[in-house]
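Read through the structure below, which is laid out as structure tokens, and then see the notes.
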Amino acid sequence: MEQQYTKTAYEQLKQTIDEHMNHYYNEDAPTISDFEYDTLMRELKNMEAEHPEWVSADSPTQKIGGVAKREAGVTITHHVPMLSIQDLFTEEEVTVWVGQVKQMHPDARFSVEHKIDGLSMSLRYQDGVLTLAETRGDGTVGEDVTLNAKVIPDVRQTIRETDYVELRGEVYMSHEDFEKFNERQESLGKKTAANPRNLAAGTLRQLNPEITKERGLRMFIFNVQDATGASAHLMENHTVGLDELAAQGVAVVPHVCCETAEEVLAAIHAIGEHRGDYDYDIDGAVVKIEQIAYRADFPAGSKYSAGHIAYKYPPEEKEVEIEEVEVGVGRTGKMTFRARFKEPVRLCGTMVQYATLHNMDYIESLGIDEGCMAVCRKQGEIIPAIIRVTKPTGTVFPAPRVCPVCGHPLSKEEGTADICCDNPSCPAQLKRTLAYFASRDAMDIKAFGSTYVDTLVEEGYLHNYTDIYRLREHRDELIEKGIMGKEKNTDKILAAIEESKHNPVDKFLTGLAIRNVGKASAKEIMKHFANLMELADASVEQLTQIPDVGGITAECIHEYFADAENRKLLSEVAELGMNMESEQTAQGAALAGLTIVVTGTLPTLGRKEAAELIENNGGKCTGSVSKKTSYVLAGEAAGSKLDKARSLGIPVITEEELFVMLGQ
């Protein structure tokens, strides 16, 4: 039955996918799993199949995801376009594709290879010497990363071939090197990386090749892009060319040559069965026509490489026995739930023994209880989660009635699934709350991490956030006990605490950890009040007039400031010198209601400075261009965002014009 799609839904889906492409390709920080992204793309393709008249050049189906970044070197126009591979999701689709190839070329053979989850890089050799390494970028223009490529052990700086040879491969990070990096980061108290792919992408773009070398990138060659003269034989049969390169010591992607659709599927199954055993992540299997000359007979458009397809495996799942449901306390007092398995299982290359259970509504909807058998999946191949129960116990894990840490009665917040401990003195809640108060997203007190907070709570120095600003009264005692190190480190932390009193008031509001009030909403809220005390006196009705503040959030804010103990702490910290005044309202609202995207290099302002200037004058600064964008503030080398703005008819302004709008 034909679907009934609307043009509005189509445009919204295009915008959503564009944002996810930006997160993945340009920011190296995806916010959804590959599986979820692929599902969105399939839906978009279905819409375009039904309405081909809607398709335009800016559709995600018509372009490659990245844009070349300038931080790691100069941009390079590719000699051979670095295109994507068309994804297939069922074995039937693979069989059909193989059949189509065989129908035209009965002698066609196929290479089945690991689809490494990393980032593409091409290597250009002239007379056997590496002359250039380039990232994919947008498929037409990439970055020159030659110096970084030369410190990757798998990148050969010389090969035996003569004339011109261009090789394409995938740069990745092994699980071992990824774990070493995160262990080092944790030991230094720094932020850890989310996954190997993101870390590999950021590492290859480093300005300092020594950092690239230290982190241990690897590379598999998976294609001969071009070869001339005496080396042209590499462009005849794909696996023969790869094997010849391998004989020279070039690291080539694991591959097997197949004759029939049955052999292709068997090779795909074999890769899938062992994907948890590899020391690197894969996100599918690639199938290529062996005879390179045949590929041109199967063009896949301007986005996809001809004669290639990629089979995408469904998310890996394992059956587990849930031995215990563990209940914890989050920083805001909300109960957290996780399942501990009787035996650990291997998922996506790592051993897993715990999975998130979200909340009691989630537990009850799946029928989870201790002793049940269930299916665990790594959502986005990062976070383990229970997705269904296979052998229920006949009962469901009961909702806790008291806090597992302090024994205080729990309450359920109306209209939500959250069960909370309302005891502000709960030790578990206090440690997490104070660590969050001092964190980068809130008060950003340098070097004052959770380890110090935990110790100071246990030693009786901290009972609430105001006590942080009284620590200087105990300086000599803290130095004597060595709680925050010796004299130099203790004085450094105490100075950082004092300095934080001058932070913008929205950072203090964020640090209060009021439910549903994060750093973005805190900044927006404080645009509407002259100081924090004015916010504290606001009614629910006043609060709901603020953009993005709904009824539940307004109630949370009002209840927090209506509490006598919270008001008392607020007065105390004000007396200790905390900034309570809003800078936002003082600077004006010349850009109120406007959404502005900053792109390119501005004459005098950095990207962050421009964003702060816009937000401080009532505007909203976003990272992607859409129909909701009011203006694009563009500087030199503005790139694809400028192109998209023009295609949508969105006004483009200069830095000078922004200053005029602000009356400067």
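Along the sequence shown, the residues carry numbers beginning at 1.
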Side chains of [X] and [Y]: closer than 4.5 Å at any heavy-atom pair?
{"X": "E326", "Y": "P404", "result": "no"}
{"X": "I282", "Y": "D117", "result": "no"}
{"X": "R215", "Y": "I211", "result": "yes"}
{"X": "V352", "Y": "F341", "result": "yes"}
{"X": "V375", "Y": "K318", "result": "no"}
{"X": "P196", "Y": "S174", "result": "no"}

For the pair D281 and H175, evaluate side-chain contact (heavy atoms from CB on, under 4.5 Å) and give the outcome as yes or no after the intermediate values.
CA-CA 8 Å; D281 290 337; H175 295 154; 2.7 Å; yes

Given 3.5 Å as the limit, does a donor-acceptor pair link the side chain of [X] with the main chain of [Y], or not?
{"X": "D177", "Y": "M173", "result": "no"}
{"X": "S439", "Y": "Y436", "result": "yes"}
{"X": "Q542", "Y": "S539", "result": "yes"}
{"X": "S365", "Y": "Y362", "result": "yes"}
{"X": "E370", "Y": "V325", "result": "yes"}
{"X": "N579", "Y": "N503", "result": "yes"}
{"X": "T390", "Y": "M373", "result": "yes"}
{"X": "N489", "Y": "G485", "result": "no"}

Do Y172 and Y278 have their ring centres less than 6.0 Å from each other?
no

Can you list the residues that meet the ring pair (Phe, Tyr, Trp, His ring centres under 6.0 Å) rule with H274, with sequence neighbours excluded?
none

State whether the number of non-hydrogen atoms from other residues, nucleotides or ligands found under 6.0 Å of [X] atom [atom1] is greater than 12.
{"X": "K431", "atom1": "NZ", "result": "yes"}
{"X": "K481", "atom1": "NZ", "result": "yes"}
{"X": "R440", "atom1": "CZ", "result": "no"}
{"X": "R472", "atom1": "CZ", "result": "no"}

Using a strict threshold of under 4.0 Å (side-chain N to carboxylate O), is an ion pair present between [Y] and [X]?
{"X": "D444", "Y": "K446", "value": "yes"}
{"X": "D361", "Y": "K412", "value": "yes"}
{"X": "K527", "Y": "E524", "value": "yes"}
{"X": "E319", "Y": "K391", "value": "no"}

Closest contact, heavy atoms only, [X] versus [Y]:
{"X": "D279", "Y": "E176", "value": "OD1-N, 3.5 Å"}
{"X": "L570", "Y": "M533", "value": "CD2-SD, 3.7 Å"}
{"X": "S500", "Y": "M443", "value": "O-CE, 3.1 Å"}
{"X": "T629", "Y": "S624", "value": "OG1-O, 3.9 Å"}

Could you grab the distance from atom [atom1] of [X] to atom [atom2] of [Y], nearest 0.5 Å is fine?
{"X": "I546", "Y": "I525", "atom1": "CD1", "atom2": "CD1", "value": "5.5 Å"}
{"X": "K523", "Y": "E612", "atom1": "NZ", "atom2": "CD", "value": "6.5 Å"}
{"X": "F529", "Y": "L535", "atom1": "CZ", "atom2": "CG", "value": "5.0 Å"}
{"X": "S626", "Y": "D18", "atom1": "OG", "atom2": "CG", "value": "9.5 Å"}
{"X": "M580", "Y": "E534", "atom1": "CE", "atom2": "CD", "value": "14.0 Å"}
{"X": "E458", "Y": "I483", "atom1": "CD", "atom2": "CD1", "value": "10.0 Å"}

Among all residues two or more places apart in sequence or in another chain, which pass the side-chain contact (heavy atoms from CB on, under 4.5 Å) test with [X]?
{"X": "T16", "value": "H20, L40"}
{"X": "D537", "value": "R567"}
{"X": "L471", "value": "F448, L456, Y461, L462, L478, L494, I497"}

Going by the ring-ring contact (aromatic ring centres under 6.0 Å, His included) test, which pairs reach into residues 483-504, not counting sequence neighbours?
none

What is the ring orientation for Y469 with F437, classed by angle as parallel under 30°, tilted 30 to 60°, or perpendicular over 60°?
perpendicular

Could you point out which residue of L509, D506, D441 forms a side chain to side chain contact (heavy atoms under 4.5 Å, CB included) with K519?
D441

Test F178 against Y280 for ring pair (Phe, Tyr, Trp, His ring centres under 6.0 Å), laying out the working first.
CA-CA 10 Å; F178 175 70; Y280 48 83; over 10 Å; no

Will you find, in the side chains of R338 and T356, an N or O donor that is under 3.5 Å from an N or O acceptor?
no

Which pairs would a plain distance check flag for residues 553-560, meaning a side-chain donor or acceptor within less than 3.5 Å of a matching protein atom at least two apart in sequence or in another chain?
none

Which is it for M41 and I17 under the side-chain contact (heavy atoms from CB on, under 4.5 Å) test, yes or no, and what are the steps along the way?
CA-CA 7 Å; M41 283 294 284; I17 293 175; 3.7 Å; yes

